[in-house]
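Each chain gets a letter, A, B and so on, in the order the sequences are listed, and its residues count up from 1. Note that the structure is a prediction, hence the values are computed from the model and not measured.
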There are 2 protein chains.
Amino acid sequence: MTSMIRRETMGAQLGGLLRSAILSGEFEPGDAVTETGLALRFGVSRGPMREAMRQLMDEGLLVTVPYTGTRVLQLTSTDIDDIYSMRICLEIFAFEQIWARRDQAFREALLARHHALLSAIDAGDDIRSIDAELDLHGLAYETCANGILLTSWGAIRARLQLYWAAHHRAHGIMGPKRESHDDYVRLALGDSCEQMKDEIRDHMRRGLGKTMAFVASIEAEKAETNRRMT
Amino acid sequence: MTSMIRRETMGAQLGGLLRSAILSGEFEPGDAVTETGLALRFGVSRGPMREAMRQLMDEGLLVTVPYTGTRVLQLTSTDIDDIYSMRICLEIFAFEQIWARRDQAFREALLARHHALLSAIDAGDDIRSIDAELDLHGLAYETCANGILLTSWGAIRARLQLYWAAHHRAHGIMGPKRESHDDYVRLALGDSCEQMKDEIRDHMRRGLGKTMAFVASIEAEKAETNRRMT
DNA sequence: CGGTCGCAGATTGTCTACAATCTTGCTGCT
DNA sequence: AGCAGCAAGATTGTAGACAATCTGCGACCG
């Protein structure tokens, strides 16, 4: 197990693998995960596994309580609300920062990512569609090249991906609509920053509505389970 | 070394101690720190020490390169610029979020923290003044109770504290002025959110100017050293 | 004299074993 | 029957030894 890839520490690679495992639904939100279990699952020792789990804890995908256990992040409606309001703030900030220096490379990258999103939707691959949608939105953050902003976006992105992936598994096909980002891309390449900011607000409001409805259904279901238990 | 405090993991306690050590100037920005050295320094093994260092890496106070070493964050002017623009965005967002639900507890807490700041300034304790100023600003973030926002503020706060503490040691007494937050507190308790937002922008602009001048002097000095070396 | 190869030291990465802590289910008492 | 206390299992926390990797200096060669 010592000779596979180089140039990156084992813990970091494991972090990627574990994130994929969580987002692909191998572990549901609320599931307990253990260091030993995952270490066995990936064929490594607890040390690097611990490092990987710590990384996902920072992203917010895992929550741990000392000496007790670690679980996959559980969805709550207040979290969703916090995330979306925060995301409006940050994405508007990102576009304000980059608006004046959108160059040819930016335009091409945006169109490329939009194309990737459309391809994923046409292929009917919902998991890849979710990834592509977040990649599309991520371009503005990446272009800022602001370390703290990127970290915040990473935390937001991880949570959104977790929610949407769970949503997809629970309710079947429910990826982004094909025309959902036409306005976003058009205005992002346009001349009016104010119009773009309005579009972001609208876009988020729509997303919040859909996600919130899902989380509410999950919470109702859980409350039902709890009631039945007592 | 096993029986000191309970209810909190050793790594977390070490994180606090190490942060204090860095901010108090025991390690200067750019200094190399080693796991073994710090473990010896604090009388623990490398395991918990590693956990503590990882925590500070997440906050941004330490930067590490695999298999090579770890150093205290080095100041750059682009970082300062990023931090302040980000901080304007987030602090305005925080006040927008809490504006309608500022209650009596909030007002009392704000005045209490302002009082603590004034006491620290009057006592001539610059380190405590820096801490108190950041506590004062932190109230808005804490009142939001938004996990991602708090994490972002933590990263910003750690960097600011690092810069200002280094500033203080380099140029002697240079803590916040006694009247520097009168407007901030008055408007935060006032009726106009727009005026408060303008105050935040002004406040940050002033802070950015001072900090930037300091960082520029540091960079000039470092360039001079580099030139002399070659 | 300049450049390149290689070795030694230092540092982080990884592994295994052991200790501290929490949870859970059972047992015995009231 | 219900509850208190305890014991066993599980899980994370901690320790120390060993391996992989990087950096820098010095010797050797052109």
Ion pair check, [X] and [Y], cut-off under 4.0 Å:
X      : Y      : answer
B:E133 : B:R113 : no
B:R107 : B:D103 : no
B:R159 : B:E59  : no

Would you mind classifying the nucleic acid contact of [X] as base, sugar-phosphate or nothing, using non-hydrogen atoms under 4.0 angstrom?
X     : result
A:G47 : nothing
A:S45 : base
B:T70 : sugar-phosphate

Whole-Å distance separating the [atom1] atom of [X] from the [atom2] atom of [N]:
X     : N      : atom1 : atom2 : answer
B:R71 : D:dC22 : CZ    : C1'   : 13 Å
A:R54 : C:dG13 : CZ    : P     : 14 Å
B:L14 : D:dG13 : CG    : P     : 13 Å
B:Q13 : C:dT21 : CD    : P     : 11 Å
A:M53 : D:dT11 : CE    : P     : 11 Å
B:Y67 : C:dT12 : OH    : P     : 12 Å
A:E51 : C:dC15 : CD    : P     : 12 Å
B:L40 : C:dA10 : CG    : P     : 14 Å

Listed nucleotide nearest any side-chain atom of B:P66, set C:dG13, D:dT11, C:dC15: C:dG13

Between the protein and nucleotides 5-9 of chain D, which nitrogen or oxygen pairs come in under 3.5 angstrom?
none

Sole candidate of B:T143, B:L136, B:D135 that passes side-chain contact (heavy atoms from CB on, under 4.5 Å) when paired with B:L139: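 Among B:T143, B:L136, B:D135, the one meeting side-chain contact (heavy atoms from CB on, under 4.5 Å) with B:L139 is B:T143.
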
Contact under 4.0 Å: A:R46 side-chain N or O vs C:dA17 OP1/OP2: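 Checking C:dA17 against A:R46, no side-chain N or O comes under 4.0 Å of OP1 or OP2.
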
